[in-house]
Amino acid sequence: MTPKQHAPRPGDRLLTTATRLFSRHGINATGIDKILAEAGVAKMTLYNQFGSKEGLVFAVLEREGEAWRQWFQTAVDGLPGSPRDKLVGIFGVLEQWFKRDGFYGCAFINAVAEHNKEDPRIRSLAMAHKKKILLVIRDLADQAGVIDPEAVTESIGMLLDGAIIAAVITGTSDHARRGADAVRMLLASQTINGQTLTSQTGTSQAGTGQTVASQPVASHAHAA
């Protein structure tokens, strides 16, 4: 016997429908009546489970962020090669995402762009999402033994955001490859005589046995 299929619950239908409509048309351009009609859900369900459209927006962002981060982490973990290869490979992962049907950019970047810039709530959600992504990048930067892992992390985070925005504007995936090229140049700048260093003072230069003090590198960018 095949397992009995259960229909999605009203709250789940609201989240799924709102996610699709917000991504395609924007949050402000999507009225609550359209969401309710397409989800086949009564307005009382919205108020009981989410309180308001704003509450639904927050719930959509939290669910989308968790799902995207899980996908991103799994994809990066599955990349072949060294930590440096994986830092470059992040943009191959993005390129796959950009080529998907229904790619409309980052839900958090889009939400911050639409909302009142003096209201910190959406920005706080976006920053929490961003910090978790940067932790994935920072872990690889630490493993790669770059001179300044913080600067590398922030720079790659900026390149990631820029590639996403460019992909939305141009409708192409080309900027993912440009991002990969930029990461290669960034990593090349994080070496001395072709060798990587750890960020701690007084560590040995790889393959030489000589002790060198690493010099701090100015941060290339601040993550959005």
Side-chain angles (χ1 to χ4, degrees), residues 15-30 57-58 60-81 83-115 117 122-141 144 151-189 219-224:
L15 282 171
T16 300
T17 303
T19 298
R20 174 172 53 82
L21 294 176
F22 289 161
S23 297
R24 178 172 296 180
H25 304 297
I27 294 171
N28 293 335
T30 302
V57 170
F58 293 156
V60 164
L61 289 174
E62 288 175 356
R63 191 176 77 158
E64 278 293 282
E66 183 177 353
W68 194 92
R69 291 190 301 271
Q70 183 176 11
W71 167 80
F72 180 71
Q73 180 74 73
T74 300
V76 171
D77 287 345
L79 290 170
R84 284 189 166 227
D85 293 331
K86 291 188 176 188
L87 287 171
V88 175
I90 284 172
F91 289 84
V93 171
L94 291 183
E95 185 174 9
Q96 295 174 21
W97 180 39
F98 297 165
K99 290 180 176 179
R100 285 184 183 177
D101 291 336
F103 168 72
Y104 298 110
C106 171
F108 292 91
I109 292 174
N110 294 345
V112 170
E114 282 196 64
H115 275 71
K117 304 306 180 286
I122 294 292
R123 184 178 287 109
S124 294
L125 282 176
M127 285 303 301
H129 171 73
K130 180 74 172 176
K131 286 177 181 178
K132 291 175 182 177
I133 296 170
L134 291 179
L135 287 175
V136 177
I137 299 171
R138 176 59 186 260
D139 184 52
L140 290 173
V152 168
T153 300
E154 292 178 346
S155 297
I156 293 177
M158 184 188 70
L159 290 168
L160 187 150
D161 286 344
I164 293 171
I165 294 169
V168 173
I169 293 172
T170 64
T172 72
S173 61
D174 295 347
H175 288 83
R177 290 190 290 275
R178 304 287 187 273
D181 290 341
V183 173
R184 290 187 186 95
M185 290 187 286
L186 173 65
L187 293 176
S189 75
S219 176
H220 296 280
H222 298 285

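The closest side-chain heavy-atom distance from L140 to V152 is not below 4.5 Å. Here the side chains of R123 and K117 are in contact, with some heavy-atom distance below 4.5 Å. Side-chain contact between V88 and L187 is present, with heavy atoms from C-beta onward closer than 4.5 Å. A 4.5 Å side-chain heavy-atom check between I156 and L186 finds at least one atom pair inside the cut-off. The shortest side-chain heavy-atom distance between V168 and F98 does not fall under the 4.5 Å cut-off. Side-chain contact between R69 and V136 is absent, with no heavy-atom pair separated by less than 4.5 Å.
Listed here is the closest heavy atom pair of D85 and P80: CB-O, 3.9 Å. The two residues S173 and K99 come nearest to each other via the heavy atoms OG-CE, 3.3 Å. Annotation for A176 and E95: closest pair CB-CB, 3.6 Å, computed over non-hydrogen atoms. For the pair V93 and A75, the tightest heavy-atom approach, listed with the atom from each and the gap, is CG1-CB, 3.7 Å. Contact record, I27 with E114: N-OE2, 2.8 Å, taken as the closest heavy-atom pair. Heavy atoms only, all atoms of each residue included: G105 and I164 are closest at CA-CG2, 4.1 Å.
Taking CD1 of I165 as the reference point, atom CD1 of I109 lies at 4.5 Å (rounded to 0.5 Å). Expressed to the nearest 0.5 Å, how far NE2 of H129 lies from CG of L134 amounts to 9.5 Å. Here the CD1 atom belonging to I133 is positioned 8.0 Å from the CZ atom belonging to F108, to the nearest 0.5 angstrom. The CZ atom of F58 sits 9.0 Å away from the OG atom of S124 when rounded to the nearest 0.5 Å. One distance of note links CG of N110 with CD1 of I122; it measures 11.5 Å at 0.5 Å rounding. Summarising the geometry, atom CG belonging to D139 is positioned 9.5 Å from atom NZ belonging to K86; distances are rounded to the nearest 0.5 Å.
Judged by the 6.0 Å and 45° rule, R100 forms no cation-pi pair with W68.
For K131, the salt bridge (charged side-chain N to carboxylate O under 4.0 Å, His left out) criterion is met by no residue, not counting sequence neighbours. Not counting sequence neighbours, the partners of D181 by the salt bridge (charged side-chain N to carboxylate O under 4.0 Å, His left out) test are R184.
Using the six-membered ring where Trp is involved, W97 and W71 have ring planes that are tilted, between 30° and 60° apart.
Looking at R63 and T16, their side chains do bring a donor and an acceptor atom within 3.5 Å of each other.
Side chain of H115 to backbone of A111: a donor-acceptor contact under 3.5 angstrom is found.
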